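One-based numbering along the sequence shown. A quick note: this is a predicted structure, and the numbers were derived from the prediction, not measured. What's counted below: heavy atoms across the whole structure, side chains too, no hydrogens, waters or symmetry copies. One-based numbering, in listed order, for ligands and for the atoms of each.
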Amino acid sequence: MKIRVIESDCILKTGLSSIKLNDDLKNCYLVLKNMKVAVIGGGAAGFFSAISAKTHNPDAQVTIYERSDKLLSKVRISGGGRCNVTHHCFKIHELVKFYPRGEKPLKKAFGIFSPTDTISWFNDRGVELKTESDGRMFPVSDSSQTIIDCLMKEVHNLGIGIKTKSAIKTLKESKNGLILGFKNGETKEVERVVVATGGSPRTEGFNWLRELGHNTEEPVPSLFTFNMPDESITKLMGVVADPVSVKIMGSKLKSEGPLLITHWGMSGPAILKLSSFGARELNEMNYEFKTLINWTGELSEQEIRETLKGVVEEYGKKRIHNVNPFELPGRLWEFLIEKVEVGENMIWQNMGKKNINRMVHILMNDEYSVSGKTTFKEEFVTCGGISLQDIDIKTMHSKKVPNLYFAGEVLDIDGVTGGFNFQAAWTTGFIAGKLR
Ligand SMILES: Cc1cc2nc3c(=O)[nH]c(=O)nc-3n(C[C@H](O)[C@H](O)[C@H](O)COP(=O)(O)OP(=O)(O)OC[C@H]3O[C@@H](n4cnc5c(N)ncnc54)[C@H](O)[C@@H]3O)c2cc1C
């Protein structure tokens, strides 16, 4: 049913008939027609919320309030300046597995706006995305500026207002909506608010939202690399082993994938995944723990022993340096042999049971001490934020305060590296902007 409001006499045209509105309904319609919508935060989620708000509510006056003088600043630096917009993963039950926080609720949200919708949304606006071998999706231009230009153009075309250097300090409920309290002391009443202020490194950063009754999960960093100041393996910096399996001693944390040795420790997808799924536990350990690496990936002890037995039989007279049974990077194989502590000229048939046992142990339970973490420059996010129990995920509406919505990293939602965090921002922003 199409509804049109004629302001002068307030006749509601339904397509079938015209209804004269009573005063209350008239007021209500006029409010909705001129509805002021404030989106707090000029990042990915804020822009997408604002665009969605104006698209779904064309008569609303939508304004983005950004505390700094820069818009979309994380989009600009994201993905090493290329912006990993989303991930090539179209099955929702698989997609949600990439979110250590938010897995279950996101099932519903991705049913409303998924990576397929993200790809179409950008395509429809002339931005083509390409997929890399690991599933990450970037603009074909390989430049985050393309994404920024697209979002800025859309905001401009829709007539969305932007106010920079406008930090919001307080939010208060009012009769018709909410009152924004700006840092400079000014206030403004609006009918709807979307909070898209991103992650905060400290719980106090959420105080203004906690004061409205929202619960928060304590923020801790996610997506970081491991520091190993006392480990000589760092001399192999640049070496990639793929796949490896990594465990954290004293926990159930485990991950698989490529591992990159860096000059400060270890990085790469296997480590970043662990840092994300273990964000809270590793924080509780104060980032001091031990890792166990299985350099053969998922091979079991029996499979490793059988492979080594085959090598002894077939290449018995060859030096262990010259036969690399698990096809590890050459420098890594040399390094591991050194740890087994057999001489340079040792040949396979002379290894003996003791040395083979030691080799098996090093191949599958190689122990390293981690002391501290380093920010992964390509992407980092905060684990924690506004508790999802206080949000209706199908609308992103606050369960605590009427007319208030949330989107993006301010929520207790975060994913592993690979475009999942922006996807969460587009999805929650789109839903919040519907203002349902
Ligand atoms: C270096 C780096 C690279 C990344 N690369 C990728 C990537 O390639 N792919 C990916 O999926 N994810 C990436 N991420 C993660 C991704 O950038 C974030 O998850 C995403 O930007 C979150 O969007 P957001 O809009 O919720 O928050 P933000 O981008 O943090 O935006 C929040 C905005 O709100 C403003 N704000 C905060 N408080 C107030 C206030 N009180 N009043 C007014 N304004 C306020 C802030 O200034 C900010 O501009 C990366 C992150 C980093 C740090």
Side-chain angles (χ1 to χ4, degrees), residues 38-51 63-87 89 95 98-99 101-102 115 118 129 132 134-139 142-144 147-148 151 162-171 180-184 188 193-202 204-209 219 221-224 272 276 375-383 385-386 396 405-430 432-433:
V39 175
I40 311 179
F47 266 66
F48 228 64
S49 302
I51 290 168
T63 308
I64 299 173
Y65 295 94
E66 164 56 46
R67 72 175 164 198
S68 72
D69 57 356
K70 292 187 185 70
L71 298 163
L72 298 166
S73 55
K74 276 199 195 163
V75 174
R76 184 176 303 285
I77 56 168
S78 66
R82 295 197 300 144
C83 188
N84 181 188
V85 178
T86 184
H87 201 91
C89 180
L95 180 64
F98 293 96
Y99 294 86
R101 267 72 50 188
T118 303
L129 303 180
E132 304 218 320
D134 56 4
R136 292 181 301 160
M137 299 193 73
F138 295 89
D142 270 332
S143 167
S144 56
I147 302 299
I148 295 175
L151 293 168
I162 294 183
K163 299 232 184 283
T164 54
K165 294 189 192 160
S166 300
I168 309 297
K169 285 274 145 194
T170 57
L171 265 182
L180 307 173
F182 292 85
K183 194 180 172 190
N184 64 6
K188 184 177 176 69
V193 172
V194 181
V195 175
T197 45
S200 161
R202 276 178 294 277
E204 300 82 73
F206 299 116
N207 278 354
W208 61 299
L209 301 167
S222 181
L223 295 180
F224 48 83
L272 292 164
S276 176
T375 305
F376 177 57
K377 300 285 186 315
E378 290 269 303
E379 181 173 349
F380 51 89
V381 286
T382 321
C383 146
I386 299 292
M396 301 315 296
Y405 302 78
F406 286 89
E409 216 183 300
V410 66
L411 292 160
D412 183 28
I413 291 179
D414 64 278
V416 300
T417 181
F420 301 102
N421 287 301
F422 276 139
Q423 184 56 53
W426 313 134
T427 295
T428 53
F430 179 85

Side-chain donor/acceptor pairs under 3.5 Å, residues 71-79, sequence neighbours excluded:
from	atom 1	to	atom 2	distance (Å)
Arg76	NH1	Gln145	OE1	2.7
Ser78	OG	Val75	O	2.7

Measure centre to centre between the rings of Trp426 and Phe422, then say whether the value is under 6.0 Å.
-> yes
Protein residues having a heavy atom less than 4.0 Å from any atom of ligand 1 = Ile40, Gly41, Gly42, Gly43, Ala44, Ala45, Tyr65, Glu66, Arg67, Lys74, Ile77, Ser78, Gly79, Asn84, Ser166, Ala167, Ile168, Ala196, Thr197, Gly198, Lys377, Glu378, Glu379, Phe380, Val381, Gly408, Glu409, Gly419, Phe420, Asn421, Phe422
Determine the interplanar angle of the Phe420 and Phe98 rings, folded into 0 to 90°, and report it as parallel if under 30°, tilted if 30 to 60°, perpendicular if over 60°.
-> parallel
Non-neighbouring partners of Phe206 that pass ring-ring contact (aromatic ring centres under 6.0 Å, His included), sequence neighbours left out | none
With rounding to the nearest 0.5 Å, note down the distance linking CG in Asn421 to OG in Ser276.
-> 7.5 Å
Go through the structure and list residues passing salt bridge (Lys or Arg N to Asp or Glu O under 4.0 Å) with Asp414, not counting sequence neighbours.
-> Arg101
